[in-house]
Structures are given as C-alpha cells and as structure tokens.
K.L.:
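Please read through the structure below; I'll follow up with questions.
Whatever order the structure lists them in is the order used to number ligands and atoms, beginning at 1. Just so you know, these numbers come straight off a predicted model, no measurement behind them.
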Amino acid sequence: MYFLLFSDRNETGGRSPNSGIQVVPPIVTSSTFVQETPGEHTGFRYSRYGNPTRNSLDECLASLDDAKYAITFSAGVGALTAIMASFESGDNLISSKKFFAGDFIIWDTFKKLGVETKYIDFEDLNNLKEALDEKTRMVWIESPMNPSLTVLDIKAIADIVHLKSKAFLVVDNTFLTPYFQRPLELGADIVAYSISKFIGGHSDIVGGSIVTNNQELYEKIKASQIALGVIPSPFTCYLINRSLRTLSVRMEKHFENSYAVAKFLESHPKIEKVNHPALKSHQGFGIATKQSYGHSGIFSFYIKNGTLEMSKTFFKSLKLVIVGESLGGTETLASFPWVMSHSTMPEDERIKAGVTESLIRISIGLEDVRDVIEDLGYALEAI
Ligand SMILES: *Cc1c(COP(=O)(O)O)cnc(C)c1O
C-alpha cells in the first residue's frame, strides 16, 4: 500500500522574508536595492541575482524536498539550460528518448557546442553501465516516464552512477512533486521540476526549479542562472508560493481522482491497457510502492485495436475534458502524443517509446470524478 509521509515536512519554509510581519510573502518588484556604501548591501543588489519574493520561494521549495538549496527558473527547460551551461566541450550526458520530448531540443543545441547525449533504455541497467565513461558529467532520468509512465528504480540507478563514474544524477520529478516522491532520499544529486505542471497546479504559470544538497553544483547552476538570465518574475514567484500552500490537498485529490478513472478505464471493453503506477497490472507497481508515496493525476492508456481515426473521434467527442498540451492543472486535460508532443520524432522512435496512434495521455484534474468518468465513457461509446 502507498503511505503518505508529508505531515513531517516543513511547509512553512520560506513563508515570509520578514518573519513576524506578513503572513504572505509580498511581491517585491524593485529591480535594484539601496546600498549603504558602494559594494555593501544587505543580501540584495539587483533582481537578476536575487529578489526577496524569489528567495522566499527558493527557501520553501528547498524545504519541501528536505534540501539545502533550491533555485527557481523561468521555465522547467530553463533549469536544464542552466545545468548544461556549466558543461565543457567533450563532456557527455546520458538520457533516454523515452523522456519528455522538450529535453531533446536543448541537448541538440548543446551538441553543436560539443556536448554529446547518449540515449539509452534505462529498463535494462546494463545499458547504463556500458554508457558511463570518464567524460560523463550527468545522467538525466524521469520516473515515472513520459508518456509511458514506466517506473525506474531511482536508487539502483543512483548506485550505478556513483559507483561507476563521477557524473551526477538528475531526476525530473515533475510528475510526482515532492509530495509523492523525494529523489534526493533515493540518491539523486539534483531534482528538477517543471513548476508549470502540478506544483503550479492551475495552468497559469510557466516556471521551473532544481533542488540539491550539493553546494558545488548549486553554486555553479546559480552562477549560470544569473549569467543566462533564466529567472522568474516576482509575480510568478508569488503565484508559485501561493500554489504551494495547497500542494498537499491538490495532490491527494489528483491521486484519488486519477486512480478512480484508471480503474474505470481498466475494466472498459474498448481499452487495451492503462499505464498507471498505482494499478497492480502496471510494470512499475512494485518499485513505485517502494520509492514513492502515491501518484498524481497523470497517466496514459491505449484504445483497443485503436486507429488514428478512432483516436480522433475520441478527442472530438469529449465535452468536459479539455484537449491540450501540458498537465497538472485543476481541469482534466487529454493529449495525443502521436500528433502533439511527439510529432517531430521519427515514427520508429515514437513507437519504441510506446507512442502509437492509439495512445492517449490524460491529466486528471480536481473535478467531481464522476463527471470525468461520464465524459470519458461517452467519448469511448462514440468510437
Ligand atoms: C513540461 C515538462 C518539462 C518542461 O518544463 P517547462 O516548464 O515547460 O519548461 C520538463 N519535464 C517534464 C516531465 C515536463 O512535463
């Protein structure tokens, strides 16, 4: 059984830059700060370096992962860019074509600067052992993976990376948030988030973050952030801070709703397979139960003997469920990776990643779940 371990988290971390005065961190919009004498400041000099609203958010995000350091970025991919900016030509990294498709664009960009990406299948950890070499700086994974929801054994991967190389391990924890999974406890060196998804939670923020206990990595990435300017606005930080106040209740509800929908779909005659880590039939059920405390609203499923036409009819027939990119909002959102997030990937690679014409990805929101089930039921009837 899943068990929840969040009551011991310090959710008051970063609540206020002026403890004892305001309950809510204020939005400080000043780009610059008064210096008593030139070169002497009280921690703030210019907002690209740091800002009271952003710093209080960083503190809060660090506390949720029990981490020493956090950095908030303008987007999830901004975090990735800042990490990569500390690499040198000749370095390499290891990742997989089965992860979030937007990562590949950044890795292709850095390829031009001499940083190679080795794409492997993490389901067989011998591939990882073979791919690691003395020039490997980073191993980047996602668990559960997007969009197959395959669960990887984070601790086993961390052990191999640290035993066989000097590389650091980054876990993209966007799908579960620190509420359901804390990869630093499993041996990861950095945890990365797209805040645009469940942490933001209302489909009205684009942001990203990293957390780490490693001071050297923190300082390098922070320096990259300042140099590149991949910073969030004070207003975005305010909204993220606000979102964090409800993270626990939202995540509980996302889990409850997504599990109910997954159970409904699993028993539906027009469904081939449901990829949800909390289902006993799922590949990663055993590991997920060990390394995470629950699951969020995101999962995927295959229509039985599905064709492109059938998938299109399904999407056209949805009334309540919104069709669109992204995930993690209060509204249930369905996407079609074949023609949306993964459309630029060659067909054979898509199929290898489990992305077929009958794969539907869905992010269950916070609605009354009976309405969501009814809507999906009608859409399945229509095909
Ligand atoms: C959306 C997403 C990202 C990228 O984040 P942005 O905030 O869109 O830049 C990275 N990883 C995963 C798993 C995502 O879903």
K.L.:
Please list the nearest protein heavy atom to atom 12 (C) of ligand 1 with its residue and the distance rounded to 0.1 Å.
P.N.:
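Of every protein heavy atom, Asp172 OD2, 3.4 Å lies nearest to atom 12 (C) of ligand 1.
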
K.L.:
Applying side chain to side chain donor-acceptor pair (under 3.5 Å) between Lys98 and each of Glu349, Glu123, Glu142, report the one that passes.
P.N.:
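Among Glu349, Glu123, Glu142, the one meeting side chain to side chain donor-acceptor pair (under 3.5 Å) with Lys98 is Glu123.
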
K.L.:
Under 6.0 Å between ring centres: does that hold for His295 and Phe180?
P.N.:
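No: the rings miss the under 6.0 Å criterion.
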
K.L.:
When you measure from atom 7 (O) of ligand 1 to every protein heavy atom, which one gives the shortest distance, and what is it?
P.N.:
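Of the protein heavy atoms, Ser196 OG, 2.6 Å lies nearest.
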
K.L.:
Write out the residue and atom name of the closest protein heavy atom to atom 10 (C) of ligand 1, then the distance separating them to 0.1 Å.
P.N.:
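Nearest neighbour among protein heavy atoms for atom 10 (C) of ligand 1, to 0.1 Å: Phe100 CD2, 3.3 Å.
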
K.L.:
Ring centres of Tyr193 and Phe73 under 6.0 Å apart?
P.N.:
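They do not qualify: ring centres at least 6.0 Å apart.
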
K.L.:
Below 4.0 Å from any atom of ligand 1, is there a heavy atom belonging to Gly78?
P.N.:
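False for this residue.
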
K.L.:
Tell me if the aromatic rings of Phe104 and Tyr119 count as close, with their centers under 6.0 Å from one another.
P.N.:
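Yes, close enough.
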
K.L.:
Please determine whether residues Leu265 and Tyr302 belong to a single hydrophobic cluster, defined as Ile, Leu, Val, Met, Phe, Trp and Tyr linked transitively by side-chain heavy-atom distances below 4.5 Å.
P.N.:
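Yes.
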
K.L.:
Out of all atoms in ligand 1, which are within 4.0 Å of some heavy atom of Gly207? Include the element for each.
P.N.:
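Selected atoms, number and element: 7 (O).
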
K.L.:
Are Phe336 and Phe315 near enough that their ring centres are under 6.0 Å apart?
P.N.:
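They qualify: ring centres under 6.0 Å apart.
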
K.L.:
Are Leu186 and Phe168 connected in the hydrophobic side-chain network, where two residues link if heavy atoms are under 4.5 Å apart?
P.N.:
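Cluster IDs for Leu186 and Phe168 match.
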
K.L.:
Based purely on interatomic distance, does Glu142 place a nitrogen or oxygen under 3.5 Å from a nitrogen or oxygen of ligand 1?
P.N.:
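The answer is no, given that Glu142 and ligand 1 share no N or O pair closer than 3.5 Å.
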
K.L.:
Give the numbers and elements of all ligand 1 atoms closer than 4.0 Å to a heavy atom of Gly76.
P.N.:
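Near Gly76, meaning under 4.0 Å from one of its heavy atoms, ligand 1 has 5 (O), 6 (P), 7 (O), 9 (O).
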
K.L.:
Just distances here: any N/O of Val206 and N/O of ligand 1 closer than 3.5 Å?
P.N.:
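For ligand 1, there is no N or O atom that lies under 3.5 Å from one belonging to Val206.
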
K.L.:
Return the residue, atom name and 0.1 Å-rounded distance of the protein heavy atom closest to atom 2 (C) of ligand 1.
P.N.:
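Protein heavy atom with the smallest distance to atom 2 (C) of ligand 1: Lys197 NZ, 2.5 Å.
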
